[in-house]
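Protein chains get the first letters and strands the later ones, always in sequence-line order, with residue 1 at the start of each. Scope of the values below: all heavy atoms of this structure, side chains included, with no hydrogens, waters or symmetry mates.
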There are 2 protein chains.
Amino acid sequence: MRMQKQTETTELINTKRNFKWDEPTVKSIIRDMGLKVTQQRMIILKCLLSGRDHITAQELFEAVIKKDPSLGFATVYRFLKQLTEQDLVTEVRMGGLPARYEWAKKKKHHDHLTCKQCGAICEFENQQIELLQKQIAKNFGYILTGHILELYGLCPSCQKEEGLLPIGDT
Amino acid sequence: MRMQKQTETTELINTKRNFKWDEPTVKSIIRDMGLKVTQQRMIILKCLLSGRDHITAQELFEAVIKKDPSLGFATVYRFLKQLTEQDLVTEVRMGGLPARYEWAKKKKHHDHLTCKQCGAICEFENQQIELLQKQIAKNFGYILTGHILELYGLCPSCQKEEGLLPIGDT
DNA sequence: AGGTAAATGAGAATCATTTTTATTTAGATT
DNA sequence: AATCTAAATAAAAATGATTCTCATTTACCT
Ligand SMILES: [Mn+2]
Ligand SMILES: [Mn+2]
Ligand SMILES: [Zn+2]
Ligand SMILES: [Zn+2]
């Protein structure tokens, strides 16, 4: 979660939460999905909306059981899947690691640059790359329906503290 | 596995097997890895080298037990991991699906364009994208160490036969 | 041929995710 | 407000890919 200057075509993504997630708003998100408004869904959604970006199902579950220890993790997975299917959250999968989720609504498409050392994630979008991808698909006669672009590297602070820290968060 | 015209900066990758994988060659690959030359490693490697690209561990295992039904799948996984660690094979992971492996030696870096419908895979490399990736990382102050770029779409033949065929191979 | 570290097979373990099932509940309908 | 029913839940088992453990076997250096 560190940002710096950018080329004209690469833009940073607003990671801010500039909408109010009050009770009625959260309720109507669930209702608009065509689902019943349950206490567990309210809790899960609130935790998702107010928690960190790129959260894992496990992390979300841990946040959720602080509010209701009886809530099951299958419910978290189930609801996350529904949110993903309805494109309200984006599922980010890197390698064999657990999937990470982020609220997609009101946040445009973007890709990720992740620090291998500490896990810090930068979000970006580069129009030139997006365009080149379309051209490549076209050259092969394909209709492009999606893509995954994940960059991996060493973040500035991990470059200094060369080598020996635990894999942490954001 | 379908190829068409390309822009100057996007090149197709040779998917041909233009080297001879005779007994002594296969043996020395294993020996050069600093490993003992066992019958199971010979079999696994031969199957890998002569089989399809982007093979899964399971598929490789199935090919392997045709030559030696007693060979265990842990041995396949183990050896694949060692090959991956020594950069002799590349591990391609997409989403939560099983990893796929391909012989990396004598084949330059490339990315993949996969048909969502039938699984057909095109390989490409685009120098412009590679360059842009480096710039993006640099703009964030990161040192780029790797990337995953996977494009998804509908291949030409699946565009015709709209919709209803089983998920096949390559 | 003998010694030993490395390799193997079989199966258990792990880890993320999904499915199953019996029970509860939201919300529509009296 | 009481009743109904499809949908939702918790808990636990199942799944599927991959890794690990460990007792046994084997490659290869003397
Ligand atoms: Mn993101
Ligand atoms: Mn490939
Ligand atoms: Zn870092
Ligand atoms: Zn296809």
Specify the residue among B:R100 and A:R41 whose closest nucleotide of DNA chain D lies further upstream toward the 5′ end.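 Looking at DNA chain D, the more 5' nearest nucleotide goes with A:R41.
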Comparing A:L35 and B:V37 on DNA chain D - which has the more 5′ nearest nucleotide: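 Residue closer to the 5' terminus by nearest nucleotide: A:L35.
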What's the [atom1]-[atom2] distance between [X] and [N], to the nearest Å?
| X | N | atom1 | atom2 | answer |
| --- | --- | --- | --- | --- |
| A:D68 | D:dA10 | CG | C1' | 11 Å |
| A:I65 | D:dT9 | CD1 | P | 16 Å |
| A:M33 | D:dA8 | CE | C1' | 13 Å |
| A:K81 | D:dT9 | NZ | P | 15 Å |
| B:F61 | D:dG16 | CZ | C1' | 15 Å |
| B:L80 | C:dA7 | CG | C1' | 16 Å |
| A:E91 | C:dT17 | CD | P | 8 Å |
| A:M42 | C:dA26 | CE | P | 12 Å |

Mind checking B:T56 for me? I need base, sugar-phosphate or nothing, with any heavy atom below 4.0 Å counting as a touch.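 Contact class for B:T56: none.
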B:L97 near the nucleic acid: base, sugar-phosphate alone, or nothing, with a heavy-atom cut-off under 4.0 Å?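 No contact.
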Does [N] have OP1 or OP2 under 4.0 Å away from a side-chain N or O of [X]?
| X | N | result |
| --- | --- | --- |
| B:Q40 | C:dG9 | yes |
| A:T38 | D:dT9 | yes |
| A:Y77 | C:dT17 | yes |
| A:T75 | D:dT9 | no |
| B:K27 | D:dA27 | no |

Do we see a donor-acceptor contact under 3.5 Å between the side chains of [X] and [Y]?
| X | Y | answer |
| --- | --- | --- |
| A:R78 | A:T75 | yes |
| B:E62 | B:Q58 | yes |
| B:H112 | B:E102 | yes |

Verify the ring-centre separation between A:H109 and A:H147: is it less than 6.0 angstrom?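 A:H147 vs A:H109: aromatic centres under 6.0 Å.
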With distance as the sole test, does B:Q86 use its side chain to make a donor-acceptor pair with the main-chain N or O of B:L83 at under 3.5 Å?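 No; judged by distance alone, with no hydrogens or angles, the pair does not exist.
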Answer yes or no: side-chain N or O of B:R78 and base N or O of C:dG9 forming a donor-acceptor pair under 3.5 Å.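 Yes, the side chain and the base share a sub-3.5 Å donor-acceptor pair.
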DNA chain C: B:K36 or B:P69, which has the more 5' nearest nucleotide?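 With B:K36 and B:P69 compared, the 5'-side residue is B:K36.
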By nearest atom, which of the nucleotides D:dT18, D:dA11, C:dA7 is closest to the B:P98 side chain?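 Per side-chain heavy atoms of B:P98, the pick is D:dT18.
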